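The structure appears below as structure tokens.
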Amino acid sequence: VLTKAQSRTRLTDGDMLPRRTVLELALMSSDNHAAVSLAYAYPGGVDAFVAAVAAKVDDLGMTHTHIEEPTGLSKANRSTAEDLAKMAAAAANYPEIVRITTSSGQTVDVDGRSLEYHNSNHLVGQVGWDIPLSKTGTTTPAGRCLIMRLNAGGQTIIVVLLKATNLLSRTIDALNVRRYLDGEKPLLAVADHQRNIRREPHRAATNARKTGPVAKSLLVVARVPHIQ
């Protein structure tokens, strides 16, 4: 069981929520407590959940991936950018996952409390971004990570960004991938505050200077023309 020191949440012990809502909180806003709740509620409990995940990992050919628990916080969990791209391609075939991860936010009623949640990928819903699938993750060893399908430059690709040192760095890398696909020169954003990028990432160019390619984080880009 997670403590609030391990992972922030506004859920409290004993809260009653529909499974669908818990899934939305886990996928859209990366609430790890919601993810743990889903594993406990899985038929057969956490052990059965982990076994089902392992079977799916095998089915997808994710040969460098090992998952021992549902949050991704355990040091025993591991994967690669290539394997994560395989997972994203498969997830795109599930309409409910697509719907949830491309929602910019929602208000949830939790035992009479109205709580507003936002997508942990602040690019979702922003002007200039067409993101048909998205998931973020953050741990100390892996840094700030982002997986997303991206429509840009007349094509659909899967982008996997790993090991970014902070949110601003990850956002700059995502901007540069999109600009590259659109045939534009990459940018190194100069921002006074990270919240400027969070609010209006499509305007980062107004406070930027042109440079050569920027690679703050590890990157894999996979074209997926076969995914509709």
Side-chain angles (χ1 to χ4, degrees), residues 27-30 72 79-93 97-105 118-228:
L27 290 178
M28 180 190 67
S29 61
S30 290
S79 190
T80 65
E82 183 179 4
D83 275 5
L84 293 174
K86 294 177 181 178
M87 180 189 67
N93 293 314
I97 294 178
V98 171
R99 179 191 68 81
I100 293 171
T101 64
T102 55
S103 171
S104 58
H118 299 280
N119 199 306
S120 53
N121 179 4
H122 302 285
L123 301 177
V124 171
Q126 294 286 352
V127 175
W129 290 91
D130 185 358
I131 301 173
L133 184 81
S134 173
K135 186 67 184 76
T136 65
T138 302
T139 65
T140 299
R144 287 186 175 267
C145 305
L146 171 63
I147 308 168
M148 63 180 177
R149 289 184 74 212
L150 175 65
N151 293 325
Q155 56 186 314
T156 299
I157 66 167
I158 291 174
V159 179
V160 181
L161 298 173
L162 307 176
K163 204 66 176 178
T165 55
N166 52 52
L167 177 60
L168 177 60
S169 173
R170 189 181 74 188
T171 302
I172 292 171
D173 285 339
L175 280 165
N176 282 333
V177 170
R178 192 194 71 182
R179 288 182 63 84
Y180 173 80
L181 293 170
D182 287 336
E184 302 175 7
K185 292 183 178 180
L187 301 170
L188 176 61
V190 180
D192 293 331
H193 302 286
Q194 289 187 16
R195 62 178 178 271
N196 293 336
I197 293 293
R198 292 183 182 184
R199 291 173 179 171
E200 299 181 301
H202 60 287
R203 295 186 180 179
T206 62
N207 294 319
R209 59 184 178 85
K210 295 180 179 179
T211 68
V214 179
K216 296 289 186 182
S217 52
L218 302 177
L219 163 69
V220 61
V221 176
R223 287 181 174 82
V224 285
H226 61 286
I227 295 179
Q228 301 299 320

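Here the structure is a predicted model, which is why all the values come from computation and not from measurement.
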Checklist line | Closest contact, heavy atoms only, Leu175 versus Trp129 | finding: CD2-CZ2, 3.4 Å

Notebook entry, point to check: Out of curiosity, Ile97 CD1 to Leu133 CG, how far, rounded to the nearest 0.5 Å?
Noted result: 7.5 Å

Notebook entry, point to check: Is the closest side-chain donor-acceptor distance between Ser30 and Lys135 under 3.5 Å?
Noted result: yes

Checklist line | Euclidean distance, Arg144 CZ relative to Thr139 OG1, rounded to 0.5 Å | finding: 11.0 Å

Check: Within the side chain of Asp130, is there an N or O that forms a donor-acceptor pair under 3.5 Å with the backbone of Ala152?
Finding: no

Checklist line | Backbone of Leu168 reached by a side-chain donor or acceptor of Asn166 within 3.5 Å | finding: yes

Notebook entry, point to check: Closest heavy-atom contact between Val124 and Ser104?
Noted result: O-CB, 4.0 Å

Notebook entry, point to check: How long is the span from the CG atom in Leu27 to the CD1 atom in Ile100, to the nearest 0.5 Å?
Noted result: 5.0 Å

Margin query: Rounded to the nearest 0.5 Å, what separates atom SG in Cys145 from atom NZ in Lys163?
Written below: 8.5 Å

Item checked: Straight-line distance of Thr102 OG1 to Met148 CE, nearest 0.5 Å -> 13.5 Å

Notebook entry, point to check: For the residue pair Ala174 and Leu123, what are the closest heavy atoms and their distance?
Noted result: CB-CD1, 3.7 Å

Next item on the list: Work out which heavy atom in Ala85 is nearest to a heavy atom in Ile158; give both atom names and the distance.
Entry: O-CD1, 3.5 Å

Margin query: Is there a side-chain contact between Lys86 and Asp83 in this structure, where contact means two heavy atoms from C-beta onward sitting under 4.5 Å apart?
Written below: yes

Checklist line | Rounded distance [0.5 Å steps], CD1 in Ile131 versus CZ in Arg178 | finding: 9.0 Å

Check: Can you check whether Thr138 reaches Thr136 side chain to side chain, under 4.5 Å on heavy atoms?
Finding: no

Next item on the list: Examine distances only and state if a side-chain atom of Asp182 and a backbone atom of Gly153 form a donor-acceptor pair shorter than 3.5 Å.
Entry: yes

Note to self: Using every non-hydrogen atom in the two residues, find where Arg179 and Lys185 come nearest and quote the distance to one decimal.
What the structure shows: NE-O, 2.6 Å

Check: Looking at side-chain heavy atoms only, is the closest gap between Thr171 and His122 below 4.5 Å?
Finding: no

Note to self: If you compare all heavy atoms of Ala91 against all heavy atoms of Val98, which two are closest, and at what distance to 0.1 Å?
What the structure shows: O-CG2, 4.3 Å

Margin query: With a 4.5 Å cut-off on side-chain heavy atoms, are Asp173 and Leu146 touching?
Written below: no

Margin query: If only side-chain N and O atoms count, and only distance matters, is there a donor-acceptor pair under 3.5 Å linking Asn151 with Thr156?
Written below: yes

Note to self: Test of understanding: with side chain to side chain donor-acceptor pair (under 3.5 Å), list the residues that count as partners of Ser103, not counting sequence neighbours.
What the structure shows: none

